[in-house]
Amino acid sequence: AYKFWATQPVPKFGDDGDPNKPIEEGPIETRTVDDVPKSPAPLINGFEWCDIDLTDDGELKEVWELLNGHYVEDNEAMFRFNYSPSILKWAMMPPGWKKQWHRGVRASQSRKLVAFIAAIPVELRIRTNVLHASEVNLLCIHKKLRSKRLAPVLIKEITRLCNLEGVWQAIYTGGVVLPKPVSTCRYYHRAINWQKLYEVGFSPLPPNSKPSFQVRKYAVPDRTSTPGLREMQKKDVNAVQDLLTRYLAKYDMASEWDKAEVEHWLLHNKKDALEEQVVWSYVVEDAHKRITDFISFYCLESSVINHPKHKNVRAAYLFYYATETGLTTPVDKDALKARLNELVADSLVYCKKANFDVYNALSLMDNGLFLEDQKFGPGDGQLHYYLFNYKANPIAGGVDKRNRL
Ligand code: YNC
Ligand code: MG
């Protein structure tokens, strides 16, 4: 098992060591740019490597088409992620993005795009070490080319392209189990449009319940309740960056964002009016004009596969948040729990206004303090976090195990 992964600089299952004696964290192997091949490994006959230019609307559409037909599905093949062209730009072109890290495979004859893999730069802190790393995502192979060992070729190619830029560590996530997760989270879902989620087969009708009861259970108020809550604006970037940096400091693993990254990830200045909104961010400004809290979510639709009535499910994903309430010493856990519940409840109001069907969150950060109260229920999906070429002690998820099924 794991014929490919056994050859890569990742931790193996089994060599767990002594749980009471933490290992020393650091790179698994060290090399230099001179050791890195300057050209890609050859592909199977009939296929060739290509750079993908996401600033070109035609190429962006080709990537969208490949992912729309062939990217991640749930276990029952009922839903498939449908990254919109706007989300692809947002996710793959943050500050410092590199064109050469958007890599494709084309059929030589037809020129059709049949596979894709991408990376973006990220400053990743693991405990006290900050790694100049990459985040690898959107690995996708056309269904007709599956199980031909093409995935390892794509992974080795993106590794080569990262290495050429002096980047030796990466973070990536996936629903599949590989050697060896550094952390594992569960997906939680909060119904907004319960009736639709029921019709597409996402939400079950619990025994002894009725549809009308479920609809009432998931009703969302029309108005927010937190005083001072408003849309985040460009003038808030400095304050939000400062607040977020202090808030994330308590976690063992987190990205470090400079101001340009905060602006990109939370405001995503749209380049033209036709682009759809991908991220929604709100701040709380107090009477002294200080930013005391912020919360954000992004949009990622899923296609409903073969459904007579519904074509897609509009899902909002809880993104970053931070609150001064969590930054007192010592932390007042009851106050933090109350504050996060207010913020998340209000973000739900905005989700509903923006016509989302479901609100998704992971069992990370302080989400365990509000998931149950805000009527998020555990899904069957897990998300495993992996580090490439870095050994680290396990990182605990944030959620109390009692919340899980
Ligand atoms: C996966 N998701 O285990 P072994 S997530 C990593 N991530 O290798 P083949 C994966 N490896 O077990 P297929 C993987 N899925 O023999 C499978 N593998 O060691 C491994 N699905 O290759 C697998 N996107 O080509 C096995 O498999 C080997 O044709 C088998 O292709 C796989 O983006 C895949 O789920 C996933 O498009 C491309 O099924 C295909 O099945 C597909 O015979 C639907 O491959 C879409 C989908 C994955 C979403 C994601 C993160 C990817 C991370 C990749 C690893 C990055 C490492 C860091 C590199 C940079 C380093 C630096 C610096
Ligand atoms: Mg293959």
Side-chain angles (χ1 to χ4, degrees), residues 1-13 27-33 35-37 40-41 43-47 63-75 77 79-83 88 91-92 98 100-105 107 113-124 131-182 185 187 300 302-303 305 381-390:
Y2 300 119
K3 260 195 135 133
F4 165 66
W5 281 109
T7 68
Q8 298 300 297
V10 292
K12 293 177 178 38
F13 289 115
I28 293 169
E29 62 178 32
T30 322
R31 291 186 294 148
T32 62
V33 178
D35 303 333
V36 182
L43 283 165
I44 35 173
N45 246 329
F47 297 93
V63 174
W64 171 77
E65 268 170 6
L66 174 70
L67 297 175
N68 184 250
H70 307 273
Y71 199 51
V72 178
E73 299 176 5
D74 66 301
N75 295 333
F79 311 100
R80 184 164 52 237
F81 281 137
N82 181 8
Y83 284 75
L88 288 173
M92 288 295 116
K98 295 175 203 306
Q100 62 273 32
W101 285 2
H102 302 158
R103 200 68 163 134
V105 173
L113 183 69
V114 294
F116 185 71
I117 191 165
I120 54 171
V122 60
E123 296 299 305
L124 181 69
L131 308 177
H132 184 62
S134 68
E135 184 174 333
V136 179
N137 200 354
L138 304 179
L139 165 62
C140 184
I141 296 176
H142 192 289
K143 290 190 173 189
K144 290 204 168 130
L145 285 174
R146 296 279 170 87
S147 304
K148 296 180 191 300
R149 311 301 300 179
L150 184 54
V153 181
L154 287 161
I155 293 167
K156 282 188 264 184
E157 174 64 356
I158 201 73
T159 302
R160 183 184 74 86
L161 294 166
C162 290
N163 290 170
L164 278 177
E165 304 296 318
V167 170
W168 310 96
Q169 274 77 37
I171 180 166
Y172 49 105
T173 59
V176 295
V177 177
L178 304 165
K180 189 175 96 179
V182 63
C185 293
Y187 274 107
L300 175 52
S302 281
S303 308
I305 302 170
Q382 289 206 323
L383 190 66
H384 305 285
Y385 285 74
Y386 300 99
L387 297 172
F388 187 89
N389 192 24
Y390 196 81

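Positions are given from 1, in the same order as the sequence printed here. Here the structure is a predicted model, which means the values were calculated and not measured. Read the numbers this way: they start at 1 and go in the same order the structure lists the ligands and their atoms.
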Short list, please: which atoms of ligand 1 are under 4.0 Å from a heavy atom of [X]?
X	value
Cys140	37 (O)
Leu138	33 (O)
Tyr2	4 (P), 12 (O), 16 (O), 19 (O)
Thr173	5 (S), 50 (C), 51 (C)
Cys162	62 (C), 63 (C)
Asn137	33 (O)

Is there a donor-acceptor contact under 3.5 Å from the side chain of [X] to the main chain of [Y]?
X	Y	value
Glu135	Ile171	no
Asn82	Asn68	no
His384	Val177	no
Arg160	Pro37	yes
Trp168	Thr30	no

Which residue and non-hydrogen atom of the protein lie closest to [atom], and at what distance in Å?
atom	result
atom 40 (C) of ligand 1	Arg146 NE, 3.4 Å
atom 57 (C) of ligand 1	Tyr172 CE2, 3.5 Å
atom 15 (N) of ligand 1	Val176 CG2, 4.3 Å

**OP:** Would you please classify the geometry between the Tyr172 ring and the Tyr386 ring as parallel, tilted or perpendicular, with 30° and 60° separating the classes?
**Re:**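 If you compare the ring of Tyr386 with that of Tyr172, the planes turn out parallel.
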Subject >> Geometric class of the Tyr83/Tyr71 ring pair [parallel <30°, tilted 30-60°, perpendicular >60°] >> reply: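 Because their plane-to-plane angle is over 60°, the rings of Tyr71 and Tyr83 count as perpendicular.
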Heavy-atom proximity to [atom], best of [options]:
atom	options	answer
atom 8 (O) of ligand 1	His384, Arg149, Gln8, Glu165	Arg149
atom 54 (C) of ligand 1	Ile155, Ile141, Leu150, Ile158	Ile155
atom 35 (O) of ligand 1	Val72, Leu154, Thr7	Val72
atom 3 (O) of ligand 1	Leu161, Leu383, Leu178	Leu178
atom 33 (O) of ligand 1	Val153, Val167, Leu139	Leu139
atom 19 (O) of ligand 1	Phe81, Tyr71, Trp5	Trp5
atom 62 (C) of ligand 1	Ala170, Ser147, Gly174, Pro152	Ala170

**OP:** Hey, could you give me the NE2/NE2 distance between His142 and His70, rounded to the nearest 0.5 Å?
**Re:**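 NE2 of His70 is found 3.5 Å from NE2 of His142.
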Original post:
How many angstroms lie between CZ in Arg103 and CG in Leu139, if you round to the nearest 0.5 Å?
Top reply: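 Atom-to-atom, Arg103:CZ and Leu139:CG are 14.5 Å apart.
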Subject >> Angle at the Mg ion (ligand 2) (to 10°), with one arm to O of Leu145 and the other to N of Lys148 >> reply: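 Once rounded, the angle between the two atoms at the Mg ion (ligand 2) is 90°.
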Original post:
Does Ser134, backbone or side chain, put an N or O under 3.5 Å from an N or O of ligand 1?
Top reply: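 In fact, backbone or side chain, Ser134 has no N or O that close.
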**OP:** Answer yes or no: does an N/O atom from Trp168 fall short of 3.5 Å to an N/O atom of ligand 1?
**Re:**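 No, no N or O pair falls under 3.5 Å.
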Original post:
Less than 4.0 Å between atom 60 (C) of ligand 1 and some protein heavy atom, yes or no?
Top reply: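 So atom 60 (C) of ligand 1 has protein heavy-atom neighbours under 4.0 Å.
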**OP:** Please check atom 38 (C) of ligand 1 for a protein heavy-atom neighbour under 4.0 Å.
**Re:**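 Yes, there is one.
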Is the contact between [X] and ligand 1 made by the side chain, the backbone, both, or neither, using heavy atoms and a 4.0 Å cut-off?
X	value
Ala151	both
His70	backbone
Phe388	side chain

Looking at side-chain heavy atoms only, is the closest gap between [X] and [Y] below 4.5 Å?
X	Y	result
Ile117	Val105	no
Lys98	Ser134	no
Val153	Ile44	no

**OP:** Could you go through the side chain to side chain contact (heavy atoms under 4.5 Å, CB included) check for Phe81 and Leu67 one step at a time?
**Re:** CA-CA 8 Å; Phe81 281 137; Leu67 297 175; over 6 Å; no
**OP:** Might you confirm whether atom NZ of Lys143 has over 12 heavy atoms from other residues, nucleotides or ligands at distances under 6.0 Å?
**Re:**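 Yes.
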